[in-house]
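Below, chains carry the letters A, B, ... as their sequence lines are ordered, and counting in each starts from 1.
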Amino acid sequence: MAKLKKKPLTLNFKKFKDKISKIKPNFETLKNKISKPKPNFKKYIKNISNLKINALRILKQVIKEFRLLWTDKFNLLLAIVIPPLIIVMLGLTMTDAPSETQSIPCMLISYDSNTFINPNNFTESKLDNYTMPYVEAVNKSSMLELVRFYNATEEIYAMEAARNALISGEIKVILSLPVDFTELLEWGLPGLIDCVLDASNIQYIQQSLNSVYDSIKIFVNDNNLTPQFQLQGFEEFTIPEGYSNNFNSSIVMALSFMVFGIALVLSILVIVQEKPIARLLLTPVKRSEILLSKYITYTLVLVLQVSLLVISGLSMGLYIAGTLTDLFIALFMIGFSGLTMGVFISSQSKTKTQANQLFLAVFLVAVLLSGIFIPIENMPLYLQVIAYILPLSHGDPLLRGIIQKGQSILGLHFIWLLVISIVLVIISFVIFKRRKYEV
Amino acid sequence: MVDVNNLNVKFGEKHVVHDVSFTVDKGEIIGLFGISGAGKTTIVRVLTCQIEKKHWTGNVMVTGLSPEKKSNHSKILSNIGYVPQLELLNLYFELDPMVNVEVFTSTYGMNKKRAKETAEELFKILDIPRDTWKKRVEKMSGGEKKRLSMAIGLIHNPDVLFLDEPTTGVDASKRYDILSYLKKLNQKLNTTMFIITHDLESALICDKVAILKDGRLLEFDTSQNLISSLPSEGLIARFTIEDLNEKLIAFIKKFPSIRRIIRVGNEAIEVLMENFEENLPKLIEYMVDNNITITSMSKDIATFRRYFQIRIQKEEEEESSLKEVKVIRK
Ligand SMILES: Nc1ncnc2c1ncn2[C@@H]1O[C@H](COP(=O)(O)OP(=O)(O)OP(=O)(O)O)[C@@H](O)[C@H]1O
Ligand SMILES: [Mg+2]
């Protein structure tokens, strides 16, 4: 027991000694710290001068990027000239055709022929006295153009003929009055009209229904019928008079694709294509400086591109419910997400071909999953996840919100675009730092 | 200028450079010779800060700075120049030579006017035709591109210039042109030059040559010194022999003072031996006595090409005998 007690004691003592001897160097480092400020200050000045040189180097690299861009005239054309040109062309073709005056061609078939037996005198009579008034109402409506009226009791192939006309595109709507059309109205019950729409073009569906509704309105008014409901519609987010509906709706769709796609196309080769980076890295220039200068250059190009787009859009009569600044920032952000995605793909592609293939794949997927063609909610879950990660599914609603509804840019869509861009920028820097260059 | 002590490079398990040491003084031209895979490029990569420190050990100093420290890299890189083997990796083909110069000089913080003046001077020394100065590099000839590449390597007046295979893929007459340009520039600017090459003619302009094999530095000296280290100070007898075959060579090899026979053609051999002047007549006698028909004979000093061949051969023989010993021991 005594032995056991002794051992720990000596150990403790040694530890204590160590502690004492440790104090001295501590004291010295303290001294060092006190005397250090001067070199630190020098270092600080040196850092500043280094920073200056770096900024200069980056500037020169940016100039180089512009020179390289300038040598590739086709790309420049694609980025700067074509997008506004497309807008102008859309504007020229679409402003001339205001949708309101265009009437929808239709055919009307009447099956209205129920026999009515009078319970008092048992006389039979054919009830179709509301058929012609409705035909008149259709004729009266400026939104509908009656191509032909069939009385199905006399012409049994009426429906077939009308369907053929629908297929050929001669008409957009088939209106059909059921057998008990007049009877129901006579009894004071709600009337029923069957309506066959050409749904191959989504644009026409609403327009067709609106015009049919118009004819019903006229019919009801003229015949002093009392409909069960009077539906009064107030259209929200419509475009003021003098602006083209068609132009506006197509622009919104085109803008997000165009800005995203062109930014992607421009930046997709920016790293794989530049072989002399290998040699450039044997000069004092740093990898981060090279990549940063690329981002700066293409961001400037993007700003120019977006400005031209906005200007051409406005001059062609684009109606913006929101603010111009918001539109500008939104377009920029959509383009920037394309830019960062392009640089990201470029930084990790080994060859030009690989980058080009990836571009096509990414662009197609981004467009298909943008929610414009297929509503995202209808997709299987895994596609929904991909769709929401990709920028276009946020870019399109963001633009719609600003242009059509006057929303502010701030919101989830914008934040997501920002987040995905920043993440891609960071990843591209990391990949580029590790990218293998050999001379 | 460049100091290398016990440099070892390992990529994982692969030991690529073994204990290489050498020193290079200001203004020297060094030729790095060695067959493919010897480790020439790897050594230069270490010197030019292209290999991470975790892959190599040893004491390396380039222009007084060690590539070991990341913070030294940009200083080292501004003190050295590099002329890669492929112009595609060095020049912006879409831009013209002057703009190329600008792109590279700007990274050193050189001012534009001075860069232009230096470039013009170098272009003149290198005979880059004036009418190509403002045209796309694309349109220049192969040789012009190579020389432009050299001009860009030298544009900031570096202390050390590294050239990777400057004469490979260039036809014979142009090869001498390039070598003489390099010598001219070396004399004018007093630039230390490192030439990585397969082309043994390049030794002509080298002050010192380094011979590498399998990552080991076999020799590092002037080519004259190396050649005179051969038996009889590198004197060589060259014979053309009728119906030469391996058997015949083996037979001639039996002559006592012969150190080495190298077959240099279908019917030609070169012979190295001790006490050349004394033994040559005896060798001729020996061959004639044994009915070997000598159609011609000449005496010469070994070229560097020959030396290199002999040195590599010797190394291989030693290696294989070492292996044999190992096998026997087992
Ligand atoms: N990053 C690397 N990882 C693994 N092995 C490497 C690496 N770099 C080079 N090596 C190996 O090191 C050896 C020497 O290569 P190095 O490129 O230095 O040869 P070299 O003498 O320049 O040959 P060449 O004349 O063909 O250019 C080769 O066997 C090569 O495979
Ligand atoms: Mg090599």
Side-chain angles (χ1 to χ4, degrees), chain A residues 39 43 46-76 269-294 296-297 351-352 433-439, chain B residues 41-42 44-45 47-52 67 70-96 98-112 115 136-138 149 152-153 155-156 158 160-165 196:
Chain A
K43 225 179 178 179
K46 217 175 159 189
N47 273 344
I48 286 184
S49 65
N50 273 351
L51 222 89
K52 246 189 192 167
I53 292 175
N54 289 356
L56 199 71
R57 271 210 299 258
I58 290 169
L59 177 71
K60 296 282 181 167
Q61 288 294 311
V62 170
I63 294 174
K64 174 203 78 183
E65 294 295 335
F66 271 113
R67 279 196 162 121
L68 288 176
L69 204 64
W70 187 244
T71 61
D72 197 349
K73 299 281 192 314
F74 176 74
N75 258 350
L76 216 59
L269 292 177
V270 88
I271 291 170
V272 267
Q273 201 175 31
E274 193 180 333
K275 295 263 163 54
I277 287 181
R279 171 65 176 85
L280 218 48
L281 289 175
L282 291 179
T283 70
V285 76
K286 296 201 175 60
R287 281 174 189 244
S288 46
E289 291 168 7
I290 294 177
L291 193 57
L292 184 63
S293 62
K294 286 187 190 298
I296 292 174
T297 308
T351 60
K352 257 164 100 168
K433 275 235 151 140
R434 296 195 180 159
R435 195 178 162 89
K436 214 173 163 186
Y437 278 108
E438 285 182 351
V439 289
Chain B
T41 305
T42 306
V44 168
R45 285 225 173 101
L47 299 182
T48 52
C49 312
Q50 292 184 72
I51 296 185
E52 277 179 80
K70 265 220 156 118
S71 54
N72 281 341
H73 284 193
S74 72
K75 265 202 193 128
I76 293 178
L77 289 173
S78 53
N79 290 340
I80 64 169
Y82 201 106
V83 182
Q85 185 177 354
L86 299 172
E87 273 69 56
L88 193 64
L89 298 179
N90 185 18
L91 303 172
Y92 287 92
F93 278 33
E94 317 81 326
L95 306 175
D96 67 50
M98 274 301 175
V99 175
N100 264 284
V101 163
E102 215 187 303
V103 168
F104 284 96
T105 50
S106 68
T107 64
Y108 302 108
M110 265 174 96
N111 101 11
K112 208 169 160 180
R136 286 171 162 229
V137 171
E138 236 165 23
S149 201
I152 285 175
I155 196 75
H156 56 301
V160 188
L161 179 69
F162 294 90
L163 299 115
D164 197 349
E165 314 264 5
I196 302 180

K.L.:
Need one label for B:E87: side chain, backbone, both or neither, based on atoms under 4.5 Å from any heavy atom in chain A.
P.N.:
neither
K.L.:
For the CG atom of A:L280 and the CG atom of B:N90, what is their distance to the nearest 0.5 Å?
P.N.:
9.5 Å
K.L.:
Can you find a pair of side-chain heavy atoms, one from A:E274 and one from B:Y92, that are under 4.5 Å apart?
P.N.:
yes
K.L.:
Within a radius of less than 6.0 Å around NZ of B:K70, do more than 12 heavy atoms belonging to other residues, nucleotides or ligands occur?
P.N.:
no
K.L.:
Which bit of A:L281 comes within less than 4.5 Å of chain B, counting heavy atoms only: side chain, backbone, both or neither?
P.N.:
backbone
K.L.:
Roughly how far, to the nearest 0.5 Å, is the NZ atom of A:K286 from the OG1 atom of B:T107?
P.N.:
11.0 Å
K.L.:
Please report the closest heavy-atom contact between A:Q61 and B:V103, naming both atoms and the distance.
P.N.:
NE2-O, 4.5 Å
K.L.:
Between B:Q85 and chain A, which part of the residue has a heavy atom less than 4.5 Å away: side chain, backbone, both or neither?
P.N.:
neither
K.L.:
For the residue pair A:E438 and B:L89, what are the closest heavy atoms and their distance?
P.N.:
O-CD1, 3.4 Å
K.L.:
Rounded at 0.5 Å granularity, tell me how far NZ in B:K112 sits from NZ in A:K60.
P.N.:
6.0 Å
K.L.:
Can you name the nearest heavy-atom pair linking A:K275 to B:L88, along with the distance?
P.N.:
CB-O, 3.4 Å
K.L.:
Do you know which of A:I63, A:L282, A:T71 has the most heavy-atom pairs under 4.5 Å to chain B?
P.N.:
A:L282
K.L.:
Is there a donor-acceptor contact under 3.5 Å from the side chain of A:R279 to the main chain of B:Y82?
P.N.:
yes
K.L.:
Measuring heavy-atom distances to chain A, does B:I152 have an atom under 4.5 Å in its side chain, in its backbone, in both, or in neither?
P.N.:
both
K.L.:
Which bit of B:L91 comes within less than 4.5 Å of chain A, counting heavy atoms only: side chain, backbone, both or neither?
P.N.:
backbone
